[in-house]
Amino acid sequence: MNEELFRNYLDKLEFRESRVKRIIKTVKKFEKYLTKLNKTLYDANYDDLNDFLTKYTKQYTSNYHVEDLRHYYEEKNNKNMIKAVEEMRYKFTPPYKLKDLDNISKEYLDKLQDIGIKTNNQFLYTCKTESERKGLSIKTNIPLEEINKIAKLSDLTRIFAVKGTRAKLYYEAGIDTVEKISELDAKELRDTVIKYIEESGFDGIATLVKEAEFTVNFAKKLYKIAEF
């Protein structure tokens, strides 16, 4: 990578210096990974990107590698890798910190942090199946019911713009996984939420029309990670 040329490109996008440094660091990390495969950034392919992202999604708390690499390949106008990165957006979503979920006790958050689990992605990749969630419950002494709740909230927060309060709302309304949301249309999602808020007195506003459309469409594109 010609770092100077790439930095000039990023500067034109008017990113903050901290973001520019993060993007360059990510590209260097991918370049180093490819070197071990006797490849370069130029001849990398879909499988290389997928393997790299799989490794680092599990390892790092802050994982914006998909977004960062998109900028590099857009600058290079590498259409194949731009397409690959776009597909990865729906498999490797940005992390969401578990501590920002509305209804998880600090005691349980501390126990998860003690074993290196701080984000939704780390949690999901640790316990994708019911048996893995049972194992995590035993290991951490967190009730299985709570483990399953955190898993579903983690799944929901993979949807762009579905974070603390929204995730809690969908979970409590019974549309508690990405798969369930993907099976609805926008009107069904919105009607379900409105009905739940009216009946429960939930402290929050209903999903807006455009928001519901975006949420459902995004959920339909997301890769399935966990089994429920």
Side-chain angles (χ1 to χ4, degrees), residues 49-50 53-54 56-58 60-67 70 84-104 108-109 112 117-134 136-137 144-197 202 204-228:
L49 181 62
N50 182 71
L53 292 171
T54 298
Y56 285 102
T57 293
K58 296 176 183 178
Y60 288 97
T61 300
S62 297
N63 185 351
Y64 292 89
H65 293 78
V66 176
E67 177 186 342
R70 175 174 61 84
V85 171
E86 179 64 19
E87 290 185 28
M88 295 298 168
R89 284 184 62 213
Y90 300 100
K91 185 174 184 180
F92 301 98
T93 55
Y96 186 75
K97 294 180 181 179
L98 296 178
K99 69 178 184 178
D100 293 332
L101 291 170
D102 282 359
N103 50 348
I104 308 299
Y108 299 152
L109 291 172
L112 291 171
I117 298 177
K118 300 177 182 179
T119 73
N120 60 341
N121 291 332
Q122 290 176 324
F123 190 93
L124 286 174
Y125 277 97
T126 299
C127 51
K128 299 186 291 292
T129 66
E130 182 64 23
S131 63
E132 288 174 338
R133 290 191 286 276
K134 288 179 179 178
L136 185 61
S137 174
L144 181 59
E145 181 181 355
E146 286 295 314
I147 291 290
N148 284 326
K149 180 174 78 171
I150 298 171
K152 289 183 175 182
L153 289 168
S154 294
D155 193 41
L156 289 170
T157 52
R158 294 168 58 221
I159 302 174
F160 186 79
V162 175
K163 303 310 173 192
T165 302
R166 271 289 179 263
K168 180 181 179 182
L169 173 58
Y170 293 153
Y171 176 83
E172 293 185 1
I175 37 178
D176 53 9
T177 65
V178 167
E179 186 173 11
K180 287 183 180 179
I181 289 178
S182 72
E183 293 170 348
L184 303 175
D185 60 34
K187 184 178 184 304
E188 289 172 327
L189 173 62
R190 184 167 154 76
D191 288 348
T192 300
V193 167
I194 290 173
K195 181 180 179 182
Y196 175 74
I197 290 176
F202 183 89
I205 63 171
T207 309
L208 303 175
V209 174
K210 291 294 184 182
E211 179 189 356
E213 292 172 354
F214 177 86
T215 298
V216 169
N217 288 335
F218 199 92
K220 290 181 185 298
K221 295 177 182 179
L222 277 175
Y223 280 68
K224 183 176 181 179
I225 293 179
E227 300 174 3
F228 294 104

Would you say [X] and [Y] make side-chain contact, with heavy atoms under 4.5 Å?
X      : Y      : value
Leu112 : Leu136 : yes
Tyr96  : Leu101 : yes
Glu132 : Thr126 : no
Thr165 : Phe202 : yes
Arg158 : Asn121 : yes

- Task: Kindly indicate, with the supporting measurements, whether the criterion salt bridge (Lys or Arg N to Asp or Glu O under 4.0 Å) is fulfilled by Arg70 and Glu67.
- Result: CA-CA 5 Å; Arg70 175 174 61 84; Glu67 177 186 342; 5.1 Å; no
- Item | Non-neighbouring partners of Tyr90 that pass ring pair (Phe, Tyr, Trp, His ring centres under 6.0 Å), sequence neighbours left out | Phe218
- Could you tell me which residues satisfy side chain to side chain contact (heavy atoms under 4.5 Å, CB included) with Leu109, sequence neighbours excluded, listed by chain and number? Leu98, Lys99, Ile104
- Excluding sequence neighbours, so at least two apart, what forms side chain to side chain contact (heavy atoms under 4.5 Å, CB included) with Arg166? Val162, Leu169, Tyr170, Ile205, Thr207, Glu211
Please report the shortest heavy-atom distance between [X] and [Y], naming the atom on each side.
X      : Y      : answer
Val85  : Val66  : CG1-O, 3.4 Å
Val178 : Ala219 : CG1-O, 3.7 Å
Leu156 : Ala167 : CD1-O, 3.5 Å
Ala212 : Ala186 : CB-O, 3.7 Å

Nearest 0.5 Å, what's the [atom1]-[atom2] distance between [X] and [Y]?
X      : Y      : atom1 : atom2 : value
Tyr64  : Thr93  : OH    : OG1   : 10.0 Å
Ser154 : Ile117 : OG    : CD1   : 9.5 Å
Thr192 : Ile197 : OG1   : CD1   : 11.0 Å
Leu189 : Ile175 : CG    : CD1   : 4.5 Å
Phe123 : Lys128 : CZ    : NZ    : 12.5 Å
Phe228 : Glu130 : CZ    : CD    : 9.5 Å

- Could you verify whether a donor N or O on one side chain and an acceptor N or O on the other, from Asn148 and Arg133, lie under 3.5 Å apart? yes
If we ignore hydrogens and angles and just use 3.5 Å, is the side chain of [X] paired with the main-chain N or O of [Y] as donor and acceptor?
X      : Y      : value
Lys163 : Thr157 : yes
Asn120 : Leu153 : no
Tyr125 : Ile225 : no

- Can you name the residues that form a salt bridge (Lys or Arg N to Asp or Glu O under 4.0 Å) with Glu146, not counting sequence neighbours? Lys149
Qualifying side-chain hydrogen bond (donor to acceptor under 3.5 Å, both in side chains) pairs, either residue in [range], two or more places apart:
range            : answer
residues 214-228 : Tyr46-Tyr223
residues 182-191 : Lys187-Asp191
residues 171-181 : Lys152-Asp176, Glu172-Tyr196, Asp176-Lys180

Which residues pass the side-chain hydrogen bond (donor to acceptor under 3.5 Å, both in side chains) test with [X], sequence neighbours left out?
X      : value
Lys91  : Asn50
Asp100 : none
Glu213 : none

- Step by step, work out the side chain to side chain contact (heavy atoms under 4.5 Å, CB included) result for Phe160 and Arg89. CA-CA 10 Å; Phe160 186 79; Arg89 284 184 62 213; 6.0 Å; no
